[in-house]
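Written out below as structure tokens is the structure these notes cover.
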Amino acid sequence: MESKSLTLAKEFLNKTVNVSIDKPLGCIYSKYKTLFEVNYGFIPNTIAPDGKELDAYVLKVKEPLEKFTGKVIAIIHRLNDDDDKLIVVPENESITDEEIETAVNFQEQFFKHEIIRL
């Protein structure tokens, strides 16, 4: 049976979304002392199964951001945690699964996961 988080995340595949960035590229998240190697945020006004807004990695952008509008091209589906992440890139950009894995490894290395696309 598909998780609630994955069902929610799949609704956004191939759609344009607005991301509010709460952990910009280069910030250090104090709870775990994690250096964020990409912009990371959430989709406002969505509630994921963890009770927080649906998370998103913004890739293919090399500067810290506060907000971003782009296309959801994939999902990081965590197999041992019900907290999936959207992969958002600028319109008309593409990215391979290998590039996604490399970009998000700083955080996703701690979770068993797979990349889902349409």
Side-chain angles (χ1 to χ4, degrees):
M1 184 174 172
E2 191 170 279
S3 71
K4 289 180 182 179
S5 180
L6 183 56
T7 300
L8 173 64
K10 279 185 171 178
E11 293 176 18
F12 291 92
L13 272 172
N14 290 326
K15 293 191 175 153
T16 299
V17 296
N18 295 312
V19 182
S20 289
I21 307 294
D22 56 355
K23 295 174 186 77
L25 171 70
C27 85
I28 296 177
Y29 182 50
S30 61
K31 185 174 182 182
Y32 298 107
K33 303 288 188 240
T34 302
L35 171 63
F36 274 73
E37 299 176 12
V38 300
N39 288 289
Y40 181 84
F42 58 91
I43 309 302
N45 305 313
T46 62
I47 300 298
D50 66 359
K52 299 176 185 166
E53 284 143 317
L54 181 60
D55 297 320
Y57 289 107
V58 174
L59 305 183
K60 298 284 218 169
V61 177
K62 300 295 182 195
E63 61 186 339
L65 302 171
E66 291 181 15
K67 295 181 188 252
F68 182 77
T69 299
K71 187 173 184 177
V72 178
I73 52 104
I75 300 164
I76 295 286
H77 173 55
R78 290 183 174 176
L79 301 171
N80 55 348
D81 181 22
D82 197 21
D83 191 18
D84 295 329
K85 314 295 182 188
L86 302 179
I87 302 297
V88 182
V89 298
E91 291 287 338
N92 303 315
E93 285 276 351
S94 62
I95 189 170
T96 66
D97 288 357
E98 293 77 19
E99 288 173 309
I100 292 171
E101 288 287 358
T102 298
V104 302
N105 185 62
F106 73 95
Q107 182 163 276
E108 295 304 322
Q109 66 183 320
F110 304 110
F111 300 93
K112 188 173 180 182
H113 64 275
E114 62 185 351
I115 296 174
I116 295 179
R117 298 180 187 249
L118 277 182

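Model, not experiment: these values are computed from the prediction.
Pro24 approaches Leu65 most closely through the heavy-atom pair CB-O, 3.6 Å. Pairing each heavy atom of Gly41 with each of Asp22, the nearest pair is CA-OD1, 3.4 Å. Between Val38 and Val58, the closest heavy-atom pair is CB-O, 3.8 Å. Leu8 approaches Ala48 most closely through the heavy-atom pair CD2-CA, 3.7 Å. Minimum heavy-atom separation, Leu35 to Gly26: CD1-O, 3.4 Å. Nearest heavy-atom pair across Gln107 and Phe110 is O-CD1, 3.3 Å.
Taking 4.0 Å as the cut-off between side-chain N and carboxylate O, Arg117 and Asp97 count as a salt-bridged pair. Between Glu108 and Arg78 there is a salt bridge, with a side-chain nitrogen of the basic residue lying less than 4.0 Å from a carboxylate oxygen of the acidic one.
For the pair Lys60 (side chain) and Ser94 (backbone), a donor-acceptor distance under 3.5 Å is present. Asp55 places no side-chain N or O within donor-acceptor distance of the main-chain N or O of Lys85, the cut-off being under 3.5 Å.
Atom CG of residue Leu54 and atom CD of residue Glu11 lie 9.5 Å apart, to the nearest 0.5 angstrom. Note that OG1 of Thr34 is 7.5 Å distant from CZ of Phe106, once rounded to the nearest 0.5 Å. Distance check, rounded to the nearest 0.5 Å: CD1 of Ile95 to OG1 of Thr102 gives 9.0 Å. Atom CG in Leu25 sits 9.0 Å away from atom CD in Glu37 (nearest 0.5 Å). We find the NZ-OG1 distance between Lys71 and Thr16 to be 7.0 Å, quoted to the nearest 0.5 Å. Separating the NZ atom in Lys112 from the CG atom in Asn80 is a distance of 7.5 Å, to the nearest 0.5 Å.
In the hydrophobic cluster analysis, where Ile, Leu, Val, Met, Phe, Trp and Tyr join through side-chain heavy atoms closer than 4.5 angstrom, Val17 is grouped apart from Phe42. Hydrophobic clustering (side-chain heavy atoms under 4.5 Å, transitive across Ile, Leu, Val, Met, Phe, Trp, Tyr) groups Ile21 together with Val72. Note on Leu86 and Val19: same hydrophobic cluster, where clusters join Ile, Leu, Val, Met, Phe, Trp and Tyr whose side-chain heavy atoms are under 4.5 Å apart, directly or indirectly. Both Tyr57 and Ile115 sit in one connected hydrophobic cluster of ILVMFWY residues. Membership requires side-chain heavy atoms under 4.5 Å apart, directly or through other members. Under the 4.5 Å side-chain heavy-atom criterion for Ile, Leu, Val, Met, Phe, Trp and Tyr, Leu59 and Phe111 are members of distinct hydrophobic clusters.
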inquiry  = Go through it in stages, so that I can follow the logic: the residues are Phe12 and Thr46, the test is side chain to side chain contact (heavy atoms under 4.5 Å, CB included), and I'd like the CA-CA distance, side-chain angles, deciding distance and then a yes or no.
reply    = CA-CA 11 Å; Phe12 291 92; Thr46 62; 3.7 Å; yes
request  = Tell me, with the steps shown, if Asp84 and His77 meet side chain to side chain contact (heavy atoms under 4.5 Å, CB included).
outcome  = CA-CA 5 Å; Asp84 295 329; His77 173 55; 3.0 Å; yes
task = Show the numbers, then the answer: is there a side chain to side chain contact (heavy atoms under 4.5 Å, CB included) between Val88 and Asn39?
result = CA-CA 10 Å; Val88 182; Asn39 288 289; over 6 Å; no
inquiry  = As a quick check of understanding, evaluate side chain to side chain contact (heavy atoms under 4.5 Å, CB included) for Thr69 and Lys67, giving each step before the final call.
reply    = CA-CA 7 Å; Thr69 299; Lys67 295 181 188 252; over 6 Å; no
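Here the side chains of Ile75 and Ile87 are not in contact, with every heavy-atom distance at 4.5 Å or above. Contact of the Ile100 side chain with the Ile73 side chain is registered, since non-hydrogen atoms from C-beta on lie closer than 4.5 Å.
Within a 6.0 Å sphere centred on CG of Asn45, heavy atoms belonging to other residues, nucleotides or ligands number 12 at most. Around CD of Glu93, the count of heavy atoms belonging to other residues, nucleotides or ligands within 6.0 Å exceeds 12.
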